[in-house]
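Below is one structure, written out as structure tokens, with a few remarks after it.
Scope of the values below: all heavy atoms of this structure, side chains included, with no hydrogens, waters or symmetry mates.
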Amino acid sequence: MAEQQKSIPIGALSLEELMNIRQRTEAEVEQLSVSLEALNMAAEKFADAKDALNVLTPASKGKEVLVPLTSSLYVPGVLDDTEHVTLSVGANYYVKKPIKGAQDYFDRRTVELQGQMEQIAKILQGKQQLLNALMDTMRAKISAQRQ
């Protein structure tokens with residue numbers, strides 16, 4: 001059977017318990033913020049890749065280009081096929097697609113990432129609200145102890 005979680009009002013917790021929860025929540029906020037930034041960067045890369053497809057026209061066939069082998073190593077090449085591109089779809093898998101198919105792929109991936117970013121943003125907002133409530137409760141407890 002699944003265990004039921006009990007809800008305890010934060011006002012009933014000790015100052016030490018509140019500080020522990022605050023530290024865990026701050027770590028979660030940091031991790032969620034990093035994840036959100038990584039997803040945003042990935043979405044930007046898909047948008048950039050889609051924009052790069054616009055330069056592949058029949059007129060660009062035969063032009064010299066620099067082909068990336070790594071993020072910092074490029075070799076000279078010549079455009080031979082301006083109607084198809086090879087996409088990295090993850091885990092060292094590559095797919096050859098027509099330009100329109102590649103654009104559709106980038107659009108789909110961008111929409112997926114935006115959905116994930118929205119979910120993380122909602123969770124992050126909830127964690128921020130929890131942090132604010134924890135801080136308010138901690139301030140009240142500290143103030144009560146001083147009196």
With sequence neighbours left out, what residues match Asp48 under side-chain contact (heavy atoms from CB on, under 4.5 Å)?
-> none
Could you state whether Val95 and Val85 fall into the same hydrophobic cluster, counting links through intermediate Ile, Leu, Val, Met, Phe, Trp or Tyr residues with side-chain heavy atoms under 4.5 angstrom apart?
-> yes
How would you list, by chain and number, every residue that makes a side-chain contact (heavy atoms from CB on, under 4.5 Å) with Lys45, sequence neighbours excluded?
-> none
For the hydrophobic clusters of this structure (ILVMFWY residues joined by side-chain heavy atoms under 4.5 Å, transitively), does one cluster hold both Met135 and Leu32?
-> no
Report the distance from atom CG of Leu56 to atom CD1 of Ile99, rounding to the nearest 0.5 Å.
-> 4.5 Å
Under 3.5 Å, which donor-acceptor pairs do the side chains of residues 63-74 form with other protein atoms, sequence neighbours left out?
{"from": "Thr70", "atom 1": "OG1", "to": "Ser72", "atom 2": "N", "distance (Å)": "3.3"}
{"from": "Thr70", "atom 1": "OG1", "to": "Leu73", "atom 2": "N", "distance (Å)": "3.0"}

Would you check if Leu134 and Thr137 make a side-chain contact, meaning some heavy-atom pair closer than 4.5 Å?
-> no
Once you round to the nearest 0.5 Å, how far does CG of Leu124 lie from CD of Gln119?
-> 13.5 Å
For Phe106, ring-ring contact (aromatic ring centres under 6.0 Å, His included) partners two or more places apart | Phe46
Side-chain heavy-atom pair Asp80, Lys61 within 4.5 angstrom cut-off = yes
Which pairs of donor and acceptor atoms, one on a side chain in residues 138-147, lie under 3.5 Å apart (sequence neighbours left out)?
{"from": "Arg139", "atom 1": "NH1", "to": "Asp136", "atom 2": "OD1", "distance (Å)": "2.9"}
{"from": "Lys141", "atom 1": "NZ", "to": "Gly11", "atom 2": "O", "distance (Å)": "3.0"}
{"from": "Lys141", "atom 1": "NZ", "to": "Leu13", "atom 2": "O", "distance (Å)": "3.0"}

Would you mind reporting whether Leu18 and Arg22 have side-chain heavy atoms less than 4.5 Å apart?
-> no
Listing, residues 23-31 side-chain donor-acceptor contacts under 3.5 Å, not counting sequence neighbours, or none:
{"from": "Thr25", "atom 1": "OG1", "to": "Ile21", "atom 2": "O", "distance (Å)": "2.8"}
{"from": "Glu28", "atom 1": "OE1", "to": "Lys127", "atom 2": "NZ", "distance (Å)": "2.6"}

Check whether Tyr105 and Tyr93 end up in the same hydrophobic cluster, where Ile, Leu, Val, Met, Phe, Trp and Tyr are linked by side-chain heavy atoms less than 4.5 Å apart.
-> yes
Once you round to the nearest 0.5 Å, how far does CG of Leu53 lie from CG of Leu87?
-> 7.5 Å
Flag side-chain contact, heavy atom, 4.5 Å: Thr57 against Thr82 | no
CD/Gln125 to CD/Gln128 distance, rounded to the nearest 0.5 angstrom?
-> 9.0 Å
Closest non-hydrogen atom pair between Leu79 and Ser60, with its separation | CD1-O, 3.5 Å
Approximate separation, where rounding is to 0.5 Å, of Leu36 CG and Met41 CE = 12.0 Å
Salt-bridge contact Asp104-Lys100 (side-chain N to carboxylate O under 4.0 Å) | yes
